[in-house]
Amino acid sequence: MRRIDCSEVREAVKAELVRINREIGPDVLSALEAGLAAEESPVGRAVLDQLIENDRLAAREGRAICQDTGMVVAFVTLGQEVHLTGGSFREAVDEAVRGAYRDARLRNSVVRDPLFDRSNTGDNTPAVVHLDLVPGDGLSIELMVKGFGSENMSALAMLNPADGEAGVRRLVVDTVRRAGPNPCPPVIVGVGLGGTFERAALLSKKALLRPLGEPSPDPRYAALERSLLADLNRLGIGPAGLGGLVTSLAVHVETCPTHIASIPAAVNVSCHASRHGRVIL
Ligand code: SF4
């Protein structure tokens with residue numbers, strides 16, 4: 001049995017949260033540069049230029065990439081042979097969030113209650129934590145800082161099996177079309193297909209964690225990702241919604257088995273400020 005103290009979790013998650021709020025991943029930066037090379041609209045090119053400059057400045061000067069420093073989502077993969085010591089794991093993650101947002105002066109964006117008490121919790125907690133138990137003695141925590149300009153544009157539908165690929169395409173394209181400029185395009189689109197209602201939503205969010213440019217290992221879904229990306233980039237929404245060819249940087253599809261009566265289909269939209277990282281202990 002391997003022991004991991006929750007203080008290790010707290011320190012590692014805190015450091016990674018500060019880092020990902022300031023440093024955009026090289027995959028996103030490369031995709032923005034490729035978008036700049038492909039964009040034909042002068043306004044679209046100017047926007048992409050500014051986004052790239054913003055990302056470089058944020059990393060150089062240790063500033064947040066965006067004022068919306070989001071809600072923290074953690075996908076935890078915990079080995080069954082790990083014994084977590086030194087307190088509550090969930091509290092360690094929340095302490096990491098508290099410390100990171102306080103010390104790096106990141107905006108607190110979480111309210112206590114969705115309806116009746118929309119007062120700020122004051123420290124960006126609680127994080128949304130998903131736990132997956134696996135064999136072995138490893139602990140991996142994938143972190144995402146999710147802005148809600150894009151989260152609000154996400155959608156889920158329980159499609160009929162007869163809707164097939166065409167139904168999925170319609171859902172993805174209509175979701176991005178309806179979103180227009182709201183999710184700060186160019187967007188990254190996570191699609192979750194299969195499982196149940198909630199599993200599809202989780203898959204769509206996990207899809208956003210895949211490095212940009214890495215296709216689905218299933219050639220059928222890799223082809224679907226390519227053609228959905230082409231469809232989205234024909235919408236003309238463009239960078240910042242000001243028109244152009246580059247509406248989306250990538251589409252990632254994740255799947256799992258489902259019931260004979262349904263195609264649960266979720267679309268989770270991320271803005272260009274796709275901030276994520278990983279802690280491995
Ligand atoms: S959607 Fe993204 S880029 Fe736009 S304000 Fe929110 S976090 Fe920032």
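For ligands, and for the atoms within them, numbers begin at 1 and follow the listed sequence. We number each residue from 1, following the sequence as shown. Values below: every heavy atom of this structure, side chains too, minus hydrogens, waters and symmetry copies. Keep in mind it's a predicted model, so treat the numbers as computed, not measured.
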Show me which atoms of ligand 1 lie under 4.0 Å from any heavy atom of Gly147. 7 (S)

Atoms of ligand 1 close to Ser150 [distance to a heavy atom under 4.0 angstrom, numbered from 1]: 1 (S)

Which residue supplies the protein heavy atom nearest to atom 2 (Fe) of ligand 1, what is that atom called, and how far is it? Cys271 SG, 2.3 Å

Flag the pair Arg56 and Glu33 as a salt bridge only when some basic side-chain nitrogen lies within less than 4.0 angstrom of an acidic carboxylate oxygen. yes

Contact between ligand 1 and Gly70 is defined here as a heavy atom of the residue under 4.0 Å from a ligand atom; is it met? no

Nearest non-hydrogen protein atom, atom 4 (Fe) of ligand 1: Cys184 SG, 2.3 Å

Quick check: do Val129 and Phe75 have side-chain heavy atoms less than 4.5 Å from each other? no

So for Met153, does at least one of its heavy atoms come nearer than 4.0 angstrom to any atom of ligand 1? no

Do the side chains of Leu203 and Leu193 get nearer than 4.5 Å, heavy atoms only? no

re atom 8 (Fe) of ligand 1, the protein heavy-atom contact at minimum distance is Cys66 SG, 2.2 Å

Looking at ligand 1, is there an atom of it that comes within less than 4.0 Å of some heavy atom belonging to Lys146? no

Could you tell me which atoms of ligand 1, counted from 1 in the order shown, lie closer than 4.0 angstrom to a heavy atom of Gln67? 5 (S)

Has His272 got any heavy atom lying under 4.0 angstrom from an atom of ligand 1? yes

Could you tell me the residue and atom name of the protein heavy atom closest to atom 7 (S) of ligand 1, and the distance to it rounded to 0.1 Å? Arg275 NH2, 3.1 Å

Suppose we measure from atom 6 (Fe) of ligand 1 to each protein heavy atom; which comes out shortest, and what is that distance? Asp68 OD2, 3.4 Å

Could you walk me through whether Met144 and Ser270 pass side-chain contact (heavy atoms from CB on, under 4.5 Å), step by step? CA-CA 11 Å; Met144 177 187 286; Ser270 169; over 6 Å; no

